[in-house]
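First comes the structure, then the notes that go with it.
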2 protein chains.
Amino acid sequence: MTVSLAEIRRTSGEVFTEGCPTRVVLDHIMSKWGVLVLLALTDGTLRWGELRREVEGISEKMLASTLRQLEADGFVERTSYPEVPPRVEYELTDRGRELMERMLPLVEWVAANAGDVLKADLIAGRG
Amino acid sequence: MTVSLAEIRRTSGEVFTEGCPTRVVLDHIMSKWGVLVLLALTDGTLRWGELRREVEGISEKMLASTLRQLEADGFVERTSYPEVPPRVEYELTDRGRELMERMLPLVEWVAANAGDVLKADLIAGRG
DNA sequence: CAGCATCCCAACAGATACTG
DNA sequence: CAGTATCTGTTGGGATGCTG
């Protein structure tokens with residue numbers, strides 16, 4: 001383990017350059033709703049309405065644009081069934097699952113430590 | 001490995017609840033500039049001016065507020081030396097290093113795959 | 001050098017209404 | 001059910017100027 005940042009620099013160059021591919025993709029997947037939608041889909045395939053209920057607080061507009069973005073990036077696949085009433089399912093692609101393999105440990109750590117972190121905020125006298 | 005989301009749910013409850021601690025902390029560390037500042041400090045201690053140059057494109061305002069936030073969360077420590085001219089150094093705390101241990105594999109993967117991801121965007125006909 | 005204060009704007013995000 | 005359209009507003013964030 002102990003991946004160094006220097007190694008990332010060597011491997012793929014600019015992480016700190018404006019507009020570099022890495023920054024763009026990071027912005028997509030680390031966005032407020034991007035993470036939560038990806039997390040929701042980690043459990044398995046979900047329909048639009050299920051996603052909406054699962055990711056509490058997301059608006060239809062944000063769910064739509066987040067899904068379009070993740071779909072365009074190849075992390076999520078959308079399948080529409082020609083039925084009445086309409087049924088549409090969303091699931092992670094292989095690339096999406098690869099991504100989530102790396103993101104889950106991070107989210108897990110945050111979930112386990114978020115309480116202490118915010119306690120630190122209070123001590124520091126911040127909101 | 002293969003951490004499941006269900007496990008996270010069991011462990012620490014709500015990831016999908018509005019305003020829950022996990023979401024708040026995720027928003028701090030997954031923010032556009034939060035990630036990049038944390039990454040920069042993963043290499044080692046940096047001064048204000050070095051950070052500003054390192055994280056290309058960040059404004060003084062954003063650097064300041066990002067650092068205050070990460071400091072309040074206990075991820076970054078600020079050390080001010082009473083000299084003339086002033087010297088201030090920023091470095092990761094133990095908690096910050098724990099966090100980055102989980103975040104680096106993710107960033108590394110993104111850096112390695114960002115090219116392909118954006119190529120997918122082009123094929124899909126999106127910006 | 002390290003930063004805070006101020007002004008300002010565009011983009012992101014919420015609410016509502018409507019449609020195939 | 002699964003969206004799109006539109007309208008509005010909040011705020012993230014940039015530019016500038018000033019201070020210890």
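Within every chain, numbering begins at 1; the chains are lettered A, B, ... in the order of the sequence lines, protein sequences first and strands thereafter.
- Direction of the helix axis in the helix from C/dC1-D/dG20 to C/dG20-D/dC1 shifts by 50° between the two five-pair termini, rounded to 10°.
- No engagement by A/Arg52 is indicated, since no non-hydrogen atom pair under 4.0 Å with the nucleic acid exists.
- Between the side chain of A/Thr93 and the backbone N or O of A/Phe75, at least one donor-acceptor pair lies under 3.5 Å.
- One N or O on the side chain of A/Arg95 and one on the backbone of A/Asp73 form a donor-acceptor pair closer than 3.5 Å.
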| request: Between protein and nucleotides 4-14 of chain D, map the contacts as a letter string: B base, S sugar-phosphate only, - none, heavy atoms under 4.0 Å, written 5' to 3'. | output: B--B-----BB
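- Contact annotation: A/Arg78 reaches the phosphate of D/dG3 (side-chain N/O to OP1 or OP2, under 4.0 Å).
- Remark: B/Glu50 does not engage B/Arg52 in a salt bridge, criterion side-chain N to carboxylate O under 4.0 Å.
- If you take CZ of B/Arg53 and P of C/dG3, they are 13 Å apart, rounded to a whole angstrom.
- Contact check for A/Val35 versus B/Met30: side-chain heavy atoms found under the 4.5 Å cut-off.
- Of the listed residues (B/Val110, B/Asn113, B/Asp116), just one forms a side-chain contact (heavy atoms from CB on, under 4.5 Å) with A/Val25, and that residue is B/Val110.
- As rounded to whole Å, 16 Å separates atom C1' of C/dC12 from atom CG of A/Leu63.
- Residue B/Glu77 holds its CD atom at 13.5 Å from CG of B/Leu70, rounded to the nearest 0.5 Å.
- With A/Arg102 contributing its side chain and B/Val107 its backbone, the two residues share no donor-acceptor pair below 3.5 Å.
- Of the possible polar contacts, none joining the A/Thr17 side chain to the A/Cys20 backbone as a donor-acceptor pair under 3.5 Å is found.
- Whole-Å rounding puts the B/Glu89 CD to C/dA2 C1' distance at 13 Å.
- Counting non-hydrogen atoms under 4.0 angstrom, B/Tyr90 reaches the backbone sugars and phosphates but no base.
- With distances taken from any side-chain atom of B/Arg47 to the nucleotides C/dG3, C/dA2, D/dG3, the minimum falls on C/dA2.
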